[in-house]
Amino acid sequence: MYKINEDYLKLPGSYLFSTIGKKTAAYKEKHPDKDLVRMGIGDVTQPLAPAIIEALHKAVDEMGSPETFHGYAPDLGYEFLRNAIVKNDYQARGCDIAADEIFVSDGAKCDCGNIQEIFSKDNKIAVCDPVYPVYVDTNVMAGRTGTYDAVKETWSDVIYMPCTAENNFSPELPEKTPDIIYLCYPNNPTGGAITKDALQVWVDYANKVGAVIIYDAAYEAYISEENVPHSIYECEGARGCAIEIRSFSKNAGFTGVRLGFTVIPKDLEVNGTKLHALWARRHGTKYNGAPYIIQKAGEAVYSAEGKEQLKKQVAYYMNNAAYVREGLKDAGYEVYGGVNAPYIWMKTTNNMTSWEFFDYLLENANVIGTPGSGFGPSGEGYFRLTAFGTYENAVEALKRIRAL
Ligand code: MLT
């Protein structure tokens with residue numbers, strides 16, 4: 001008889017955003033007349049920029065004639081897109097990354113989840129706490145995390161690096177030595193950022209202990225301050241220890257379009273094996289590439305018009321972030337983030353747990369956010385609001401929260 005992967009059974013509850021979705025749907029069913037303001041999942045709301053729509057239309061037309069039709073995409077992604085990425089995301093920032101070190105995919109979430117496959121099961125992972133749940137959950141599925149402590153909400157074989165107001169949401173180097181370190185900057189969920197000097201410390205540490213950093217830079221377009229790196233490859237030595245994962249979801253509104261990429265420098269090797277070769281093997285075997293049409297849309301993100309239009313889109317969301325951040329502060333809340341990232345991270349009030357605060361806001365203000373504890377035990381007592389909604393919704397949410 002067949003057997004299942006029992007590691008899946010170890011996962012407590014459902015995926016965080018599915019749980020929120022279910023709770024919201026249950027509330028809506030009970031109160032169909034209530035108008036909910038959704039600031040939970042970090043999903044974009046602004047339409048695709050005109051330059052992207054134009055590229056999509058053009059690419060669709062190309063698919064309709066034999067001369068310009070495209071079938072399977074090349075393994076790593078189309079060169080036109082990888083060249084645009086290298087030029088704009090890396091060379092423009094002084095990073096030494098080549099086009100054949102880029103693997104185009106259908107999004108950062110899949111890459112964040114799948115990348116662990118190329119590492120041995122007995123590697124020890126270190127994560128920030130709170131953290132984007134995909135990193136931990138996919139390692140649980142792979143059987144890499146040991147046993148779950150339901151009281152502490154931690155896994156025995158995971159190194160947690162607490163990020164709280166006390167350490168300004170910047171993790172200390174871990175006491176136990178990890179093999180794989182997950183870092184996400186600008187940070188989801190805390191909305192914090194890291195300076196180049198602080199990131200250099202991580203790169204030096206990883207190179208010293210022989211660890212690999214999986215660097216999730218999905219929110220880099222939201223950086224507004226100087227000396228905050230847009231890529232880990234701005235740090236010296238990062239080619240030898242870091243994989244970087246990028247998304248088109250947040251900078252260009254591709255959450256429903258799907259496009260991302262992973263950078264694996266060819267210097268990254270252990271005992272003579274290049275991680276690039278392993279990921280290329282995995283990519284070739286399990287993946288047939290993001291559609292031509294979508295990669296063409298991705299190319300338009302780097303056109304002069306695309307850049308200009310997307311700058312405005314990012315500014316729109318960051319204006320929401322500033323509005324919510326300052327409004328909550330004014331109303332007496334303890335608030336973090338929202339300067340280099342589209343997330344507001346706030347303390348709950350009256351010692352409410354994160355989930356109690358979720359219910360409180362849902363029932364009394366009809367505002368939906370994300371409970372901090374859903375991202376890890378150190379997120380307990382915090383709450384996340386996304387700035388990816390409309391400005392009108394941000395205004396409405398704040399009005400309702402102020403009235404509580
Ligand atoms: C979030 O809300 O944390 C993000 O939308 C999740 C994601 O990008 O997959």
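Both counts, for ligands and for their atoms, begin at 1 and track the order of listing. Worth knowing before you read on, the calculation uses all heavy atoms, side chains too, and leaves out hydrogens, waters and symmetry mates.
With sequence neighbours excluded, the residues forming a side-chain hydrogen bond (donor to acceptor under 3.5 Å, both in side chains) with Lys266 are Asp100, listed by chain and number.
Salt bridge status for Arg239 with Glu101: present, with a side-chain N to carboxylate O gap under 4.0 Å.
Residue contact check: Tyr132 has heavy atoms under 4.0 Å from atoms 6 (C), 7 (C), 8 (O), 9 (O) of ligand 1. Listed by atom number, the atoms of ligand 1 under 4.0 Å from Phe17 heavy atoms are 1 (C), 2 (O), 3 (O). Listed by atom number, the atoms of ligand 1 under 4.0 Å from Asn188 heavy atoms are 1 (C), 3 (O). Counting the atoms of ligand 1 from 1 in the order shown, those under 4.0 Å from a heavy atom of Arg384 are 1 (C), 2 (O), 3 (O). Below 4.0 Å from some heavy atom of Ile41 lie the following atoms of ligand 1, by number and element: 2 (O), 5 (O).
Contacts with ligand 1 closer than 4.0 Å are made by no heavy atom of Phe375, backbone or side chain.
The cationic atom of Lys307 (NZ for Lys, CZ for Arg) does not lie both less than 6.0 Å from the six-membered ring centre of Tyr302 and within 45° of the ring axis. For the pair Lys347 and Tyr382, the distance from NZ or CZ to the six-membered ring centre is under 6.0 Å and the angle to the ring normal is within 45 degrees. Cation-pi contact between Arg384 and Tyr343: present, with separation from the ring centre below 6.0 Å and deviation from the ring axis of at most 45°.
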Check the pair Leu11, Met141 against side-chain contact (heavy atoms from CB on, under 4.5 Å), reporting the backbone distance first and the verdict last.
CA-CA 8 Å; Leu11 287 162; Met141 292 167 174; 3.8 Å; yes
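Distances shorter than 4.0 angstrom occur between a heavy atom of Tyr343 and an atom of ligand 1.
Considering only non-hydrogen protein atoms, atom 4 (C) of ligand 1 sits nearest to Lys250 NZ, 3.6 Å.
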